[in-house]
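In what follows, a structure is listed as structure tokens, so that the remarks can point back to it.
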Amino acid sequence: MAQEEPNRFVEWFHLLRGQVPVVRQHLKDWVEAVREEPALIWQTTAVRYAVYGLGAVVLLWGASQVAGTIAPPATVRPQAKTADFHVVCTNPDCRHHFVIHREFGYREFPVDCPKCQKRTGAQARRCNSATCRGRWVPLERQDGKLYCPVCGAQFE
Ligand SMILES: [Zn+2]
Ligand SMILES: [Zn+2]
């Protein structure tokens, strides 16, 4: 059983090698004929079907592209395009710290605070200064730089 495959392969190889001079001669004759009569390219069945095949592939590809834009297949899972954003409420009576889930690069702060119901949720980050020691603080922007409003440390 295991012996069969290599033998068949050798047979094919010999068969193919035997065909090479014949094919080469055919090709040479064809190239000669085409050189004299260029319209022969289109009259050659193999060439014509290759072009038809290529056209069909392009059409199918185009159709699949169009179908993809209308209804993306369910098997294609969207890549992770969202992230968690820490938010600290800047309302002095609230200071609620919460996390929202939004697309990457989300910048539309302030957001609604779920605790005091005011639109005072500012984007937050951890301040690791000696004063704040990892406290979540709302970001404060001055001259394009970000500062901690609690201790005044500058974030890079
Ligand atoms: Zn609040
Ligand atoms: Zn700080």
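Identified under the side chain to side chain donor-acceptor pair (under 3.5 Å) test for residues 102-116, with sequence neighbours left out: Asp112-Arg119. Sorted by first and then second residue, the ring-ring contact (aromatic ring centres under 6.0 Å, His included) pairs involving residues 132-156 (not counting sequence neighbours) are His86-Trp136, His97-Trp136.
Residues Tyr49 and Val51 fall within the same hydrophobic cluster, defined by Ile, Leu, Val, Met, Phe, Trp and Tyr side chains chained together at heavy-atom separations under 4.5 Å. Under the 4.5 Å side-chain contact rule for hydrophobic residues, Val137 and Leu139 share a cluster.
The backbone N or O of Thr120 lies less than 3.5 Å from a partner atom in the side chain of Thr90, making a donor-acceptor pair. For the pair Arg126 (side chain) and Gly134 (backbone), a donor-acceptor distance under 3.5 Å is present. A donor-acceptor pair is defined here as one N or O able to donate and one able to accept, closer than 3.5 Å; such a pair exists between the side chain of Asn91 and the backbone of Asp93.
The pair Arg8-Glu11 does not meet the salt-bridge criterion, since no charged nitrogen lies less than 4.0 angstrom from a carboxylate oxygen.
Counting all heavy atoms, side chain and backbone alike, Phe98 lies closest to Gly121 at CZ-CA, 4.5 Å. Between Ala83 and Phe104, the closest heavy-atom pair is CB-CE2, 3.5 Å.
Under the side chain to side chain contact (heavy atoms under 4.5 Å, CB included) criterion, Arg24 pairs with Val20, sequence neighbours left out.
Between the SG atom in Cys113 and the CZ atom in Arg95 there is a gap of 11.5 Å [rounded to 0.5 Å]. Between Leu146 atom CG and Arg141 atom CZ the span is 4.5 Å, to the nearest 0.5 Å.
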Walk me through it: do Cys148 and Ser129 pass the test side-chain contact (heavy atoms from CB on, under 4.5 Å)?
-> CA-CA 9 Å; Cys148 168; Ser129 75; 5.8 Å; no
Please test Asp84 against Ile100 for side-chain contact (heavy atoms from CB on, under 4.5 Å), starting from the C-alpha separation and ending with a verdict.
-> CA-CA 6 Å; Asp84 290 332; Ile100 56 170; over 6 Å; no
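A 4.5 Å side-chain heavy-atom check between Lys118 and Cys89 finds every atom pair outside the cut-off. Side-chain contact between Cys127 and Val150: absent, with no pair of heavy atoms (C-beta onward) separated by less than 4.5 Å.
Checking Leu27, Val22, Asp29 one by one against Gln25, the side-chain contact (heavy atoms from CB on, under 4.5 Å) holds for a single residue, Asp29.
The aromatic rings of Phe13 and Phe9 sit parallel to each other, their planes meeting at less than 30°, with 60° as the upper class boundary.
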